[in-house]
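Naming: A, B, ... by sequence-line order, numbering from 1 per chain. Computed from a prediction, not measured in an experiment: that's the story for all the values here.
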2 protein chains.
Amino acid sequence: MTAGLSRIESPTTVLGPGDDAAVISAPDGRVVASTDLLLEHRHFRRDWSTANDIGHKAAARNFADIAAMGAQPTSLLVGLAAPAETELSWVDGLVAGFAEECAEVGAQVVGGDISASAEILLSVTALGDLAGRAPVTLSGARAGQVVAVTGLLGWAAAGFAVLSRGFRSPVQVVNAHRRPQPPYAEGIRAAEAGATSMTDISDGLIADLGHIAAGSGVRIDLRADALAAPAKLRDVASALNVDPMSWVLGGGDDYGLVATFPTFAATPAGWTVIGMVSEGEGVRVDGLRYADGGHEHFR
Amino acid sequence: MTAGLSRIESPTTVLGPGDDAAVISAPDGRVVASTDLLLEHRHFRRDWSTANDIGHKAAARNFADIAAMGAQPTSLLVGLAAPAETELSWVDGLVAGFAEECAEVGAQVVGGDISASAEILLSVTALGDLAGRAPVTLSGARAGQVVAVTGLLGWAAAGFAVLSRGFRSPVQVVNAHRRPQPPYAEGIRAAEAGATSMTDISDGLIADLGHIAAGSGVRIDLRADALAAPAKLRDVASALNVDPMSWVLGGGDDYGLVATFPTFAATPAGWTVIGMVSEGEGVRVDGLRYADGGHEHFR
């Protein structure tokens with residue numbers, strides 16, 4: 001992955017691409033790291049998304065994991081395997097997407113690896129800095145605390161549903177699928193506000209809150225009225241004959257953040273309180289268990 | 001990649017697998033990072049190597065990159081994509097291989113990602129710590145300095161040649177291919193001895209020294225008599241009717257280290273002086289240019 005990359009010197013990049021390894025500054029004395037492996041057809045489709053979109057989204061997925069720890073993304077390492085006949089313009093678009101998403105969050109592409117393969121594969125590793133804060137994990141939620149969310153819910157899932165049925169609009173939901181915009185800064189804001197647990201919503205709200213419930217050994221109760229789908233999402237759902245709540249509760253890929261806070265008052269502006277933590281296990285909506293944390297029916 | 005992994009607390013692992021991201025200590029205030037994407041059939045074969053071997057080697061490749069910066073490997077992030085029918089015992093063997101290679105070098109698997117795919121794919125990201133030292137890059141070689149190497153040269157290439165022709169022995173070369181043993185500790189030793197440039201030998205001695213020659217803007221002259229193949233390698237080469245020097249000069253995958261040092265006297269014990277740095281460009285053996293830095297003929 002040397003195409004389009006050059007040595008960069010920055011506050012966080014000590015030594016950029018081109019050597020055996022990159023050197024990134026970690027002023028905090030700790031580094032936060034997350035990795036993902038993305039496959040064509042399974043994680044992205046070249047007929048649905050541009051190369052630029054795919055680069056943005058692959059970076060965004062990983063930076064959302066860093067933000068969900070309460071950390072600032074600092075750098076990205078990228079592996080690309082692609083068929084020999086892949087057009088250079090596609091690779092350039094991908095590299096630009098990575099670089100642009102990095103710029104958005106104040107990070108940089110510091111290294112990579114390129115190889116040949118039958119299908120396009122991407123590996124993405126993001127690093128981040130905690131600036132002295134404790135990491136916000138899955139295990140700190142306690143009974144009596146409040147659950148709050150920030151970022152879009154269900155929009156990328158609606159976009160996926162629209163694209164799956166052969167449509168290309170409405171553009172708002174299609175773009176939410178193609179190029180999610182995680183609320184990165186809210187991760188640090190939540191950590192500073194004393195969030196006790198946090199995760200990004202990649203598998204769907206219920207599934208991801210399930211990870212907090214399991215990690216913390218608590219029960220989480222959500223109120224459906226706090227999660228009402230906005231009009232646009234209801235319109236799209238109606239046109240496709242889908243329950244919009246299945247997108248709101250089960251849709252991943254928007255990479256919003258969900259966290260628990262000690263009290264309602266501690267919840268930062270920009271976060272919506274959607275429920276409470278109590279003793280027990282699992283995640284419930286208006287007292288009911290949601291099947292498989294990502295499928296379309298209550299049980 | 002939660003199979004076989006559990007939360008680990010160690011001097012370097014602040015928060016291990018199981019959360020959105022791992023947190024690794026970076027006492028130096030900088031972190032060294034390298035990533036690789038490995039594909040079945042292209043980078044490894046399941047009929048040639050066990051899952052355990054493949055895990056060891058995938059980790060070793062990346063740790064060698066960290067060592068080549070003069071750094072201590074601290075942690076590994078792994079992505080695995082595999083067909084649904086992959087046997088769990090295979091995955092367990094792979095995970096054990098990663099963990100064992102980590103243990104060998106004092107690092108730990110801190111995170112990962114797992115996904116389904118048609119063929120087996122591995123992404124590996126290694127992190128390391130410089131303990132206050134400057135990174136040893138490709139760009140510091142200067143005319144008048146000496147070139148020295150440590151680790152095996154050509155043994156993995158001989159093993160590959162043996163396996164390619166359908167043989168399974170001699171075991172020394174086959175094992176060198178299956179499970180290389182990079183001289184990790186020598187990377188730090190070289191850095192402490194004042195190495196001016198260093199790289200691991202992954203593409204072949206000539207090719208990798210070519211990266212130093214290009215990165216430093218120098219010419220590198222090697223002496224063939226300092227690189228004579230040991231008897232075992234000559235025997236295998238003779239049996240296969242191959243010039244053993246093609247393996248020594250062109251064979252990658254042993255992950256030895258090659259470095260430049262200010263003087264002969266500064267070269268640490270355990271390193272063999274094989275040549276000199278001078279003004280100019282390129283890599284020569286006894287004054288001759290070696291074609292394509294990895295192929296079998298001088299020109």
Side-chain angles (χ1 to χ4, degrees), chain A residues 14-15 18-39 42-43 62 64-69 71 75 77-81 110-119 121-128 130 135-139 198-200 202 211 215, chain B residues 14-15 18-39 42-43 62 64-69 71 75 77-81 110-119 121-128 130 135-139 198-200 202 211 215:
Chain A
V14 179
L15 182 70
D19 222 298
D20 293 307
V23 184
I24 303 110
S25 113
D28 171 82
R30 296 165 299 172
V31 65
V32 181
S34 174
T35 196
D36 252 346
L37 190 49
L38 306 175
L39 288 75
R42 185 171 174 88
H43 295 100
N62 274 270
D65 281 321
I66 301 298
M69 304 302 289
S75 44
L77 294 110
V78 177
L80 166 65
V110 295
D113 178 42
I114 194 160
S115 162
S117 63
E119 293 195 336
L121 317 164
L122 299 172
S123 71
V124 180
T125 302
L127 303 180
L130 283 162
V136 185
T137 69
L138 298 172
S139 59
M198 180 156 55
T199 190
D200 66 312
S202 51
H211 301 150
Chain B
V14 180
L15 181 71
D19 221 298
D20 292 307
V23 184
I24 303 111
S25 111
D28 171 82
R30 296 165 299 171
V31 65
V32 182
S34 175
T35 196
D36 253 346
L37 189 49
L38 306 175
L39 288 74
R42 186 173 174 87
H43 295 100
N62 274 269
D65 281 322
I66 301 297
M69 304 302 289
S75 42
L77 295 110
V78 178
L80 166 66
V110 296
D113 179 41
I114 194 160
S115 161
S117 63
E119 293 194 336
L121 317 165
L122 299 172
S123 72
V124 180
T125 302
L127 303 180
L130 283 162
V136 184
T137 69
L138 298 172
S139 59
M198 182 157 54
T199 190
D200 66 312
S202 51
H211 301 150

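In terms of the side-chain contact (heavy atoms from CB on, under 4.5 Å) criterion, residue partners of A81(B) (sequence neighbours excluded) are, by chain and number, L37(A), L39(A), S115(B), S117(B), L121(B). Legend: residues meeting side-chain contact (heavy atoms from CB on, under 4.5 Å) with S75(B), ordered by chain and number and at least two apart, are I24(B), V110(B), L127(B).
Interatomic distance, CG of D36(A) versus CD1 of I114(B), reported as 13.0 Å (0.5 Å rounding). Taking CG from L122(B) and OG from S123(A), the interatomic distance works out to 10.5 Å, rounded to the nearest 0.5 Å.
D19(B) contributes no side-chain N or O that, together with a main-chain N or O of T137(A), makes up a donor-acceptor pair within less than 3.5 Å. The backbone N or O of M69(A) sits nowhere less than 3.5 Å from a side-chain atom of D20(B) that would complete a donor-acceptor pair.
With a threshold of 4.5 angstrom between heavy atoms, H43(A) approaches chain B through side-chain atoms but not through N, CA, C or O.
With 3.5 Å as the limit, one finds a donor-acceptor pair spanning the side chains of T125(A) and T125(B).
Of the listed residues (S202(B), A33(B), G215(B)), the greatest number of heavy-atom pairs within a distance under 4.5 Å of chain A belongs to A33(B). Of the residues considered (P27(B), A64(B), S34(B), A22(B)), A22(B) shows the highest number of contacts with chain A, using heavy-atom pairs under 4.5 Å. When each of V136(B), V32(B), D28(B) is scored by its heavy-atom pairs under 4.5 Å with chain A, the top score falls to V32(B). Between chain A and the options P135(B), A116(B), A126(B), heavy-atom pairs under 4.5 Å are most frequent for A116(B). Counting heavy-atom pairs closer than 4.5 Å to chain A, the top residue among V23(B), L130(B), V31(B) is V31(B).
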